[in-house]
Amino acid sequence: MKRGLCAGLPYGVQDIMWGPEAINDAGRQRTLTGAAQVICEMCPLRSSCLADAIGNDDQHGVFGGLRVKARRQLARLAEAAGIRLDGSERARSMFVAWLDAHPEAIEQARRMHAQARRAERGHRTAPLAGLSQTVVFTAASHGMGTTTATLAVAHALARAGRSVRVADTDPAAPMLSWHARAVEQGHTPPFTVSPHVTSQGGDGDGWTLIDVPAGAGACAALRGATLAVVVTRDREDCLREACGMSHLLAIPSSVLVTGAGPEAMARAHAWLDERRQARTVASISDDMAFDHMIECGRTPPADAGAAALAGELHALFHTRTH
């Protein structure tokens, strides 16, 4: 039987590094806990450890490199992908397989937890609780992936049990075409698509996502929206354009970086943070399968980044800061 890397340490050391015990020195304890998380990152049993901790609802300690609140965020990402740890071995196996295929979900969960902590401390802009859950996905220039982002997040929200409708304002109507092809092939899309912008009201589970490509009537669509997500790539020229557009919008906005690997994404986020530009914690990878899905009307695969972004959006409309 395989053993985790932590198993080679004395039990007393394990209890201090991973919990629930602690030493009477906060600085040294943080160092020990940080070392424990590094060991978890290298451990071959990380996914299994997280599956057991979440499945057993462990309320203390570090498992798989995550504390309890970050593990809850990871569980939400898994549920958005259609996997719920209900105590069964089948659910556990599905979770482990999903996490092995999407290891980036662990970092997404950690970032979502950090974002929630900042919100609790009042370090974020005021949330949009009680307002219409109408979100525009737009861009400063063409080719940024607004339709991909809209489609991915719509599916993530639907997988989480939310009621979703999509408004396709692109003259080329890619979302309408996708929806029509899906119906023709006998699929039942989990949300409606319309060329008209309508709101589902506030303080509920109904969402309206509006796909607004660059230069395609953004002003009209923005009048009916509560939040704008400005989609961009990781290149500096694209980031500058996105920041400029975000600053000109009359509604709250956040920049979403798409189509980059982990290192390029981290650089792009650091660039935005240096300029105090509001951005999403989550990101959506450059998966060309999404373009293929739009063309043939197929459902896109579950994406950890899209699920994390759906969670961020939900928190903006349902989390109140003090």
Are Val62 and Tyr11 in one and the same hydrophobic cluster, where Ile, Leu, Val, Met, Phe, Trp and Tyr link if side-chain heavy atoms are under 4.5 Å apart?
-> no

Are Met17 and Met42 joined in one hydrophobic group, where the rule is that I, L, V, M, F, W and Y side chains link up if heavy atoms are under 4.5 Å apart?
-> yes

Please tell me if the side chains of His155 and Leu151 come closer than 4.5 Å, counting only heavy atoms from C-beta onward.
-> yes

Just checking, is any N or O donor in the side chain of Ser253 or Ser246 under 3.5 Å from an acceptor N or O on the other one?
-> yes

Within the side chain of Arg84, is there an N or O that forms a donor-acceptor pair under 3.5 Å with the backbone of Ala78?
-> no

Report yes or no: does Glu41 contribute a side-chain atom to a donor-acceptor pair with the main-chain N or O of Gly65 at less than 3.5 Å?
-> no

Contact check, side chains of Val153 and Val135, non-hydrogen atoms, under 4.5 Å = no

Contact summary for Arg92 and Ala51, nearest pair of heavy atoms | CG-CB, 4.0 Å

Do Gln37 and Thr33 have a side chain donor and acceptor closer than 3.5 Å?
-> no

Is it true that atom CZ of Arg30 has more than 12 heavy atoms of other residues, nucleotides or ligands lying nearer than 6.0 Å?
-> no

Is the NZ or CZ atom of Arg267 positioned over Trp271's six-membered ring, under 6.0 angstrom from the centre and within 45° of the axis?
-> no

Just wondering, do Met175 and Thr147 contact through their side chains at under 4.5 Å, heavy atoms?
-> yes

For Leu9, does its backbone N or O pair with a side-chain atom of Gln14 as donor and acceptor, under 3.5 Å?
-> yes

Taking every heavy atom of Gly64 against every heavy atom of Cys49, the minimum-distance pair comes out as N-SG, 3.7 Å

Centroid separation Phe191 to His179 less than 6.0 Å = no

For the residue pair Asp168 and Ser194, establish whether any side-chain heavy-atom pair is separated by less than 4.5 Å.
-> no

In Å and rounded to the nearest 0.5 Å, what is the CG to CZ distance from Leu85 to Arg90?
-> 12.0 Å

The reported gap from CE in Met94 to CG in Leu99 (rounded to nearest 0.5 angstrom) is 13.5 Å

Smallest separation among heavy atoms of Ala282 and Ala308, with atom names = CB-CB, 3.6 Å

Locate the shortest heavy-atom distance separating Ala139 from Val230; write the atom from each residue and the value.
-> CA-CG1, 4.5 Å

Taking Thr232 for the side chain and Cys238 for the main chain, is one N or O donor matched with an acceptor at less than 3.5 Å?
-> yes

Start with the C-alpha gap between Ile16 and Ile23, add the side-chain angles, then the distance that decides, and say whether side-chain contact (heavy atoms from CB on, under 4.5 Å) holds.
-> CA-CA 7 Å; Ile16 291 174; Ile23 60 175; 3.9 Å; yes

In Å and rounded to the nearest 0.5 Å, what is the CD1 to CD distance from Ile106 to Gln73?
-> 14.0 Å

Note: Glu79-Arg76 ion pair, threshold 4.0 Å (strictly below) = no

Determine the interplanar angle of the Trp207 and His314 rings, folded into 0 to 90°, and report it as parallel if under 30°, tilted if 30 to 60°, perpendicular if over 60°.
-> tilted

To the nearest 0.5 Å, atom CZ of Arg67 lies from atom NZ of Lys69 at 11.0 Å

When rounded to the nearest 0.5 angstrom, what distance separates CE in Met265 from CG in Asp234?
-> 7.0 Å

Compare all side-chain heavy atoms of Trp178 with those of Pro189 and state whether any distance is below 4.5 angstrom.
-> yes

Between Thr169 (side chain) and Asp211 (backbone), is there a donor-acceptor pair under 3.5 Å?
-> yes

Does atom CD of Gln59 have more than 12 heavy-atom neighbours, drawn from other residues, nucleotides or ligands, at distances under 6.0 Å?
-> yes

Do Leu50 and Leu74 have side-chain heavy atoms sitting under 4.5 Å apart?
-> yes

Please check if Trp18 and Leu45 belong to a single hydrophobic cluster, counting links between Ile, Leu, Val, Met, Phe, Trp and Tyr side chain heavy atoms closer than 4.5 Å.
-> no

Answer yes or no: is there a donor N or O on one side and an acceptor on the other, between the side chain of Arg279 and the main chain of Ser254, under 3.5 Å?
-> no

Can you tell if the side chain of Val166 reaches within under 4.5 Å of the side chain of Phe137, non-hydrogen atoms only?
-> no

Can you tell me if Thr226 uses its side chain to pair, donor with acceptor, with the backbone of Leu131 under 3.5 Å?
-> no

With rounding to the nearest 0.5 Å, note down the distance linking SG in Cys43 to CZ in Arg3.
-> 11.0 Å

Derivation and outcome, side-chain contact (heavy atoms from CB on, under 4.5 Å), residues Met144 and Thr138 | CA-CA 9 Å; Met144 297 295 106; Thr138 188; over 6 Å; no

side-chain contact (heavy atoms from CB on, under 4.5 Å) between Trp98 and Leu77: does it pass, once the steps are laid out?
-> CA-CA 11 Å; Trp98 170 76; Leu77 293 179; 4.1 Å; yes

Can Cys40 and Phe63 be said to form a side-chain contact (heavy atoms from CB on, under 4.5 Å), step by step?
-> CA-CA 8 Å; Cys40 289; Phe63 291 85; over 6 Å; no

Any idea which heavy atoms bring Ala225 and Val136 closest together, and the distance?
-> CB-CG2, 3.4 Å

Is the shortest distance from a Lys or Arg side-chain nitrogen in Asp58 or Arg71 to a carboxylate oxygen in the other one below 4.0 Å?
-> no

Testing Leu256, Val229, Thr280 for side chain to side chain contact (heavy atoms under 4.5 Å, CB included) with Glu312, which one passes?
-> Thr280

Are any non-hydrogen side-chain atoms of Asp170 and Val212 less than 4.5 angstrom apart?
-> no

Closest heavy-atom pair, Ala91 versus Asp86, reported as atoms and distance to 0.1 Å, is CB-OD1, 3.2 Å

Say whether Ile54 and Ile83 are linked into one hydrophobic cluster, either directly or through other cluster members, by side-chain heavy-atom distances under 4.5 angstrom.
-> yes

